[in-house]
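Right, one structure below, let's go through it.
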Amino acid sequence: MNFYIGNSIDEIKFDDYNIEFSDDLLQYMYNHRELISVDLKILFEIDPYSDTFLEYEYVKEINNICSLIIETDIIKGYDDYDEGIEMINDLLQITNLALLNKKGLVIIGD
């Protein structure tokens, strides 16, 4: 799935800045969710096969989740740790940009 900055699906262009987030990493985090004290529900409610819009207030939650994932290193057992950390950092970066621009996130599923 790909994350874009925007307030609606109609607003984004597919060549806009975006980050790709692996379904496998999301599944890994779901399977190891007990390793982190924060509720990851908002990430798990994103359908990786559908298009989704997340409002600004949810972007803040995802930003906090990314920071905690990095701090607690719950993905240390992920098959491709370096790629996993890169994806989390990319998601943190795009949420920072969305917050700076007071925008939501549009997620385009596979």
Side-chain angles (χ1 to χ4, degrees):
M1 61 187 152
N2 291 70
F3 286 74
Y4 293 82
I5 297 170
N7 285 327
S8 73
I9 292 172
D10 295 333
E11 182 180 306
I12 64 163
K13 297 178 187 83
F14 290 102
D15 58 345
D16 287 347
Y17 172 70
N18 69 91
I19 62 108
E20 187 171 347
F21 200 85
S22 166
D23 302 347
D24 291 337
L25 179 57
L26 191 61
Q27 184 63 46
Y28 176 85
M29 290 187 324
Y30 180 80
N31 292 340
H32 296 87
R33 63 192 178 278
E34 74 282 350
L35 299 176
I36 191 166
S37 61
V38 69
D39 187 1
L40 303 174
K41 181 179 175 182
I42 190 164
L43 283 177
F44 303 142
E45 288 181 343
I46 297 170
D47 183 349
Y49 306 106
S50 182
D51 299 341
T52 307
F53 169 68
L54 291 177
E55 294 180 16
Y56 179 78
E57 66 263 10
Y58 297 115
V59 175
K60 291 178 186 178
E61 284 185 50
I62 291 179
N63 186 276
N64 290 334
I65 288 169
C66 289
S67 295
L68 286 170
I69 288 170
I70 291 168
E71 285 176 22
T72 59
D73 201 20
I74 71 164
I75 63 169
K76 64 183 169 201
Y78 184 62
D79 288 339
D80 191 344
Y81 175 79
D82 291 335
E83 179 184 88
I85 285 294
E86 184 177 344
M87 281 187 277
I88 296 296
N89 279 320
D90 287 348
L91 187 54
L92 184 61
Q93 180 179 349
I94 203 165
T95 59
N96 282 331
L97 288 171
L99 292 171
L100 184 66
N101 291 295
K102 297 187 178 5
K103 298 261 185 167
L105 289 175
V106 176
I107 301 102
I108 305 297
D110 296 335

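At least one donor-acceptor pair closer than 3.5 Å links the side chain of Asp16 to the backbone N or O of Lys13. Distance alone, capped at 3.5 Å, places no donor-acceptor pair between the Asn63 side chain and the Val59 backbone. Asn2 places no side-chain N or O within donor-acceptor distance of the main-chain N or O of Ile107, the cut-off being under 3.5 Å. Listed for the Asn7 side chain is no donor-acceptor partner under 3.5 Å among the backbone atoms of Lys103.
Environment of CZ in Phe53: crowded, with over 12 heavy atoms of neighbouring residues, nucleotides or ligands closer than 6.0 Å. The number of heavy-atom neighbours closer than 6.0 Å to CD of Glu86, taken from other residues, nucleotides and ligands shown, is 12 or below. Residue Phe44 places its CZ atom among more than 12 non-hydrogen atoms of other residues, nucleotides or ligands, all under 6.0 Å distant.
Met1 and Ile94 fall within a single hydrophobic cluster, where Ile, Leu, Val, Met, Phe, Trp and Tyr are joined by side-chain heavy atoms under 4.5 Å apart, directly or via other members. Under a hydrophobic-cluster definition in which Ile, Leu, Val, Met, Phe, Trp and Tyr are linked whenever side-chain heavy atoms come within less than 4.5 Å, directly or via other members, Met87 and Val106 are assigned to different clusters. Clustering ILVMFWY residues whenever any of their side-chain heavy atoms sit less than 4.5 angstrom apart, transitively, puts Tyr30 in the very cluster that holds Leu91. Residues Leu92 and Ile42 fall within the same hydrophobic cluster, defined by Ile, Leu, Val, Met, Phe, Trp and Tyr side chains chained together at heavy-atom separations under 4.5 Å.
For the atom pair CD1 of Ile5 and NZ of Lys102, the computed distance is 13.5 Å after rounding to the nearest 0.5 Å. Atom CG of Asp90 sits about 10.0 Å away from atom CD of Glu83, to the nearest 0.5 Å. Atom CD1 of residue Ile88 and atom OG of residue Ser22 lie 10.0 Å apart, to the nearest 0.5 angstrom. To the nearest 0.5 Å, the span separating CD1 on Ile62 from CD1 on Ile46 amounts to 4.5 Å. Rounded to the nearest 0.5 angstrom, Ile65 CD1 and Asp39 CG are separated by 7.0 Å.
Residues Tyr28 and Asp80 bring no donor and acceptor atom of their side chains to less than 3.5 Å of each other. In summary, the side chains of Asp23 and Gln27 do not present any donor paired with an acceptor at a separation below 3.5 Å, with no hydrogens or angles considered.
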